[in-house]
Amino acid sequence: MKKHSFIAREGYPLIAIAAAMAIVAWFIHWIAFGASAAVFVFVVYFFRNPRREVPCGNGLVVSPADGKVIGIEEVEEKRFIHSPMKRISIFMSPLNVHVNRVPVTGVVKKVSYNKGKFFPAFAEKASLDNEQNAVVMECGTGDPVLFVQIAGWLARRIVCHAREGEMWQKGAVYGLIRFGSRVDVYVPMSYTIDVSLNQRVKAGESVIAEEKK
């Protein structure tokens with residue numbers, strides 16, 4: 001079993017830089033050291049990767065992100081699935097865990113990055129116009145599930161490790177978005193939504209939808 005890392009690997013370089021700045025500041029002035037130490041603590045906190053208990057069971061869709069549900073609606077998904085889908089939008093504030101996790105077990109069918117604008121992540125037009133990275137996955141039931149990392153006005157870096165043709169397990173860490181952002185999840189119309197607006201969810205742990213039995 002792969003050893004769990006409590007810090008996302010993308011954070012190691014920035015943490016090292018912040019630590020070096022704090023060490024240098026120690027020899028300059030106590031105010032500079034205090035400010036640098038605060039930056040170091042924030043960077044470590046931002047890239048935290050807490051352990052999660054992924055729920056067992058087929059047909060369950062878990063949240064890909066920590067945050068608040070800001071949208072639940074039926075939409076016509078025209079870019080990848082080309083059919084009506086149910087969309088769940090999750091807003092991640094700068095204080096949330098920013099590691100993203102795969103919502104279902106399945107095979108990655110498509111990964112598509114789109115360099116766009118930087119509207120606030122909670123804005124409706126952010127789902128189409130903002131910089132984003134989309135992953136289409138075919139789960140064990142053969143159903144398509146689409147999840148999209150969306151950059152916000154403060155987020156300027158999307159990381160996605162998923163590649164087409166790969167098999168991923170539900171709850172596995174596949175990427176992150178730096179500093180305030182959003183993740184949209186699209187599930188088939190036949191699925192039941194298990195969350196409500198303004199509900200707080202945890203990546204890899206909270207069930208947000210499930211296949212109807």
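Heavy-atom basis, side chains included; hydrogens, waters and symmetry copies ignored.
Contact detail for Asp194 and Ala209: the closest heavy-atom pair is OD2-C, 3.8 Å. For the residue pair Ala162 and Val108, the shortest heavy atom distance occurs at CB-CG2, 4.2 Å. Of all heavy-atom pairs between Phe80 and His82, the closest is O-CD2, 3.3 Å. Closest of all the heavy-atom pairs between Ala65 and Met92 is CB-SD, 3.6 Å. The minimum heavy-atom distance between Ala151 and Ser181, with the atom names listed, is CA-CB, 4.5 Å. Annotation for Ile208 and Val201: closest pair CG2-CG1, 4.3 Å, computed over non-hydrogen atoms.
Between the OG atom in Ser190 and the CE atom in Met85 there is a gap of 9.0 Å [rounded to 0.5 Å]. Here CD of Gln149 is found 5.0 Å from CD1 of Ile177. Values are rounded to the nearest 0.5 Å. Rounding to the nearest 0.5 angstrom, the gap separating the CZ atom in Phe91 from the CG atom in Asn198 is 12.5 Å.
A continuous path of Ile, Leu, Val, Met, Phe, Trp and Tyr side chains, each step under 4.5 Å between heavy atoms, connects Val136 with Val75, placing both in one hydrophobic cluster. Side-chain heavy atoms closer than 4.5 Å link hydrophobic residues (I, L, V, M, F, W, Y) into clusters, and following such links, possibly through other members, connects Trp168 to Val104. Hydrophobic clustering, with ILVMFWY side chains joined whenever heavy atoms are under 4.5 angstrom apart, keeps Ile90 apart from Leu60. In the hydrophobic clustering of this structure, Met137 groups with Ile88; members are Ile, Leu, Val, Met, Phe, Trp, Tyr whose side-chain heavy atoms approach within less than 4.5 Å, directly or through other members. Ile72 and Val187 end up in the same hydrophobic cluster when Ile, Leu, Val, Met, Phe, Trp and Tyr side chains are linked at under 4.5 Å.
A side-chain donor-acceptor contact under 3.5 Å links His98 to the backbone of Asn96. A distance-only check finds no donor-acceptor pair linking the side chain of Lys170 to the backbone of Asn58 [under 3.5 Å]. No donor-acceptor distance shorter than 3.5 angstrom exists from the side chain of Glu210 to the backbone of Thr192, with no hydrogens or angles considered. Not one N or O on the side chain of Lys68 forms a donor-acceptor pair closer than 3.5 Å with the backbone of Arg200.
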Q: Evaluate the side-chain contact (heavy atoms from CB on, under 4.5 Å) criterion for residues Gln169 and Val54: first the C-alpha distance (whole Å), next the side-chain angles of each, then the deciding distance (0.1 Å), finally the verdict.
A: CA-CA 10 Å; Gln169 295 296 317; Val54 182; over 6 Å; no

**Q.** Test side-chain contact (heavy atoms from CB on, under 4.5 Å) applied to Val102 and Val135, step by step
**A.** CA-CA 10 Å; Val102 176; Val135 177; over 6 Å; no

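Applying salt bridge (charged side-chain N to carboxylate O under 4.0 Å, His left out) to Arg87 and the options Glu73, Glu77, Glu76, Glu74 leaves one that passes, Glu73. Between Asp66 and the choices Lys202, Arg101, Arg52, the salt bridge (charged side-chain N to carboxylate O under 4.0 Å, His left out) rule is met once, by Arg52.
Counting heavy atoms from C-beta on, the side chains of Glu166 and Tyr174 never come closer than 4.5 Å. At a threshold of 4.5 Å between non-hydrogen side-chain atoms, the residues Lys109 and Pro144 do not count as touching. In this structure the side chain of Phe40 reaches within 4.5 angstrom of the side chain of Ile15, judged on heavy atoms. Side-chain contact check for Val97 versus Pro50: some heavy-atom pair is nearer than 4.5 Å. Within the 4.5 Å cutoff, no side-chain heavy atoms of Val39 are placed close to those of Met21.
Looking at residues two or more places apart in sequence or on another chain, you find a side chain to side chain donor-acceptor pair (under 3.5 Å) between Asp143 and Thr141, Tyr191.
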